[in-house]
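Within every chain, numbering begins at 1; the chains are lettered A, B, ... in the order of the sequence lines, protein sequences first and strands thereafter.
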2 protein chains.
Amino acid sequence: MEDRTSTTPGHPEVTSSPRGDLFSPECPTRRLLDRVGSKWVAMIVKTLAEAGELRYADLKRRTPGVSAKMLTQTLRGLEDDHLVVRRVEPTVPPAVHYSLTPLGRSLDEPLAALRDWAETHMSEIDQHRQETARQA
Amino acid sequence: MEDRTSTTPGHPEVTSSPRGDLFSPECPTRRLLDRVGSKWVAMIVKTLAEAGELRYADLKRRTPGVSAKMLTQTLRGLEDDHLVVRRVEPTVPPAVHYSLTPLGRSLDEPLAALRDWAETHMSEIDQHRQETARQA
DNA sequence: CGGTATCCATTTTGATACTG
DNA sequence: CAGTATCAAAATGGATACCG
């Protein structure tokens, strides 16, 4: 197996353990959720999944409310994870394109499942919350 | 008293979002990810999905690092969403049990898909990150 | 066009102490 | 046992200004 445990004692098991895995800071799920739960990742991945490839400014336009800082920061993180690839056309001024890698597209699948769940059940949750509304 | 409604609008009034779907603050996916992405939700849901029902102290024991405050706060949020149900046995001292609702168990499915993706692909991501290391 | 750099506000989480 | 209350720290996100 690959070395993903440089800071942990050598336990070769990488498969889904009953528990004790999700709880360490190195836990893949923990780290994935830290990323995916961050404010712009989900919509950027979704947008790129749908649009295929977009220039920086287009992506920014399609992500209402995002600042240049956050867009870049999010994109850099995704790029570091190889979920997104950055392609520069050396024109003047340069045109920078972003798209999902195959890995990024594969992430969009479980993400889509989550979106699906949200769209199916969040209204239900909202109803419950209104009924049970306990005030602070 | 602590304000537990920081992630909610505070008024059930229908706010027509100036922009479309995934991008407005009322977007179900956005709100789901805000919850699920919070530090302890994923592991609590997973633990309850596996254990079925647990007392507060047991749950705390199985969630290393969590403070009473965060555990309670997380549980209250999940309870408000009807993802978790709280059952009190009126003994002295009282025994409080938590378990997933059917809705909570249904959420565990897409969540499990995400875990699965993470366990399959995060090592890959880590390798890339080491190779391409972009340090601040 | 596609970013960086800086500073600041908000949110979120943690530590600690105390209670019915 | 199962929480609350309070304060502080840390992480996150946003506004603004500037650059190649």
Could you tell me whether a side-chain N or O of [X] sits under 3.5 Å from a main-chain N or O of [Y], the two making a donor and an acceptor?
X: A:Arg30; Y: B:Lys39; answer: yes
X: A:Thr101; Y: A:Val85; answer: no
X: A:Arg62; Y: A:Thr47; answer: no
X: A:Ser67; Y: A:Met70; answer: yes

OP1 or OP2 of [N] sitting under 4.0 Å from any side-chain N/O of [X]?
X: B:Tyr98; N: D:dC1; answer: no
X: A:Lys39; N: D:dG14; answer: yes
X: A:Arg86; N: C:dG2; answer: no
X: B:Arg55; N: D:dA2; answer: yes
X: A:Arg87; N: C:dG2; answer: no

| query | Taking for each residue the nucleotide of DNA chain C bearing the nearest heavy atom, is the 5' side occupied by A:Lys69 or by A:Pro93? | reply | A:Pro93
| So which one's nearest nucleotide on DNA chain D is more toward 5', B:Ala95 or A:Gly37? | B:Ala95
| request: Between A:Val66 and A:Pro94, just flag the one whose closest nucleotide in DNA chain D comes earlier from the 5' side. | output: A:Val66
| said: Does A:Ser38 reach a base, just sugar-phosphate, or nothing at all? Heavy atoms under 4.0 Å. | reply: sugar-phosphate
